[in-house]
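The figures here come from the full heavy-atom set of this structure, side chains too, leaving out hydrogens, waters and symmetry mates. Here is the naming used below: chain letters follow the sequence lines, and residue numbers restart at 1 for every chain.
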2 protein chains.
Amino acid sequence: MQKKRKECPEVATCSVDYAFRRIGGKYKGRILWYLHEHSILRYGELGRTLPDITTKMLTQTLRELEIDNLINRKVYHEVPPKVEYSLTEVGEELIPFITHLKEWGDKQLEREQMKN
Amino acid sequence: MQKKRKECPEVATCSVDYAFRRIGGKYKGRILWYLHEHSILRYGELGRTLPDITTKMLTQTLRELEIDNLINRKVYHEVPPKVEYSLTEVGEELIPFITHLKEWGDKQLEREQMKN
DNA sequence: AACAATACATACTTTTTAGTAGGTATATTA
DNA sequence: TAATATACCTACTAAAAAGTATGTATTGTT
């Protein structure tokens, strides 16, 4: 007998779920963190900071973060183009949480080191 | 011209990435949160607490959390079977972070309410 | 006139994650 | 003896996320 799925609607009623949907992507946490560390980063700088990301995923992820109002996108109409990214206020509010998560991760990584 | 991907290895060197990999699943955050709220939950109770999860995903997610040492699994050899889940110490350490995230989510949900 | 620099866009494929549908085991109770 | 309760398992499919490859635009520089 299989579980009924109650069609949990688009509108997440659970705030934990809500939050995870916005920051759960493969690169979102890191992007937010680096933007916090550097205040402002250009598109290309971000790409170099995440050496494993492709331009497609970088652009796509930045767009999603922008739509969710976590980052600002400032375009300079120059040639060659220049676009700066930074955290919004709402995005900044996530930093204490990412900080905590990062500390946890650091500690875990250390523990894993010790095993070897 | 496309970005080179530097084959970011299995071993995440970035602790933000490391952490997100262990709690990034669709249901992981909520499971950890509910286990924190109730201290101990049985398999079926967890299922009822997450009305949108299937038994397959519930089992699978619990196994992953167990492997990552975030939850304990205690089996009672009875019939019908009884299995209790609870947070490990390491899992507990994630709670302040989930709490923060939850508060952020609550605030955002409120803000979105106001728009309507 | 070709090239560099920068920030993308897009079609398509692959991989990963999640969902469906069905099944198992066993002591207890009706 | 058949139903009940609980905690799973497994093969298969579908959907979502990520990756590959290639292309565009513009202006200053060589």
Quick one: on DNA chain D, does A:Thr61 or A:Pro80 contact a more 5' nucleotide (nearest heavy atom)?
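Mapping each residue to its closest nucleotide by heavy atoms, the 5'-most match is A:Thr61.
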Position toward the 5' end of DNA chain C (nearest nucleotide), A:Lys82 or B:Val79:
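Between the two, 5'-proximity favours A:Lys82.
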Ignoring the backbone of [X], work out which of [options] is nearest its side chain.
X	options	value
A:Val83	C:dA18, C:dC8, D:dT6	C:dC8
A:Lys56	D:dT20, C:dA18, D:dC8	D:dT20
B:Lys26	C:dA7, C:dA18, D:dA7	C:dA18
B:Tyr27	C:dG19, D:dG19, D:dC8	C:dG19
B:Arg42	C:dG19, D:dT6, C:dT6	D:dT6
B:Tyr43	C:dT6, D:dT27, D:dA7	D:dA7

Would you work out how much the helix from C:dA1-D:dT30 to C:dA30-D:dT1 bends between its ends, with each end axis defined by five base pairs, to 10 degrees?
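Roughly 30°, once rounded to the nearest ten degrees.
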Could you tell me whether the side chains of A:Thr55 and A:Tyr43 share a donor-acceptor contact shorter than 3.5 Å?
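No, no side-chain donor-acceptor contact under 3.5 Å.
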For the pair B:Asp68 and B:Arg63, find out whether any cationic side-chain nitrogen is under 4.0 Å from an anionic carboxylate oxygen.
no
Salt-bridge test for A:Lys28 and A:Glu64: reply yes if a basic N is under 4.0 Å from a carboxylate O, no otherwise.
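Yes, this pair counts.
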Send over the distance from [X] [atom1] to [N] [atom2], rounded to a whole Å.
X	N	atom1	atom2	value
A:Leu50	D:dG19	CG	P	11 Å
B:Leu41	D:dT6	CG	P	14 Å
A:Arg30	D:dA18	CZ	P	11 Å
B:Leu58	D:dT6	CG	P	14 Å
A:Asp17	C:dA18	CG	C1'	14 Å
A:Gln60	C:dA7	CD	C1'	16 Å
A:Ile53	D:dG19	CD1	P	8 Å
A:Arg21	C:dT17	CZ	P	18 Å

Are A:Arg22 and A:Tyr18 in a cation-pi setup, meaning NZ or CZ lies under 6.0 angstrom from the ring centre and within 45 degrees of the ring axis?
yes
Out of curiosity, B:Met114 CE to B:Leu109 CG, how far, rounded to the nearest 0.5 Å?
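Here the interatomic distance stands at 11.0 Å.
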So which pairs with a foot in residues 45-92 of chain B pass ring-ring contact (aromatic ring centres under 6.0 Å, His included), sequence neighbours left out?
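For residues 45-92 of chain B: none.
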Checking A:Val79 now: which residues fulfil side-chain contact (heavy atoms from CB on, under 4.5 Å) with it, not counting sequence neighbours?
none
Could you list the donor-acceptor pairs under 3.5 angstrom formed by side chains in residues 95-103 of chain A, with sequence neighbours left out?
residue	atom	partner	partner atom	Å
A:Thr99	OG1	A:Ile95	O	2.7
A:His100	NE2	B:Glu93	O	3.3
A:Lys102	NZ	A:Asp106	OD2	3.3

Would you say CD of B:Glu89 has more than 12 non-hydrogen atoms from neighbouring residues, nucleotides or ligands within 6.0 angstrom?
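No.
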Contacts of type ring-ring contact (aromatic ring centres under 6.0 Å, His included), residue B:His36, not counting sequence neighbours
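Counting only residues at least two positions away or on another chain, B:His36 forms a ring-ring contact (aromatic ring centres under 6.0 Å, His included) with B:Trp33.
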Between residues 62-78 of chain A and DNA chain C, which residues have a heavy-atom gap below 4.0 Å?
A:Arg63, A:Arg73
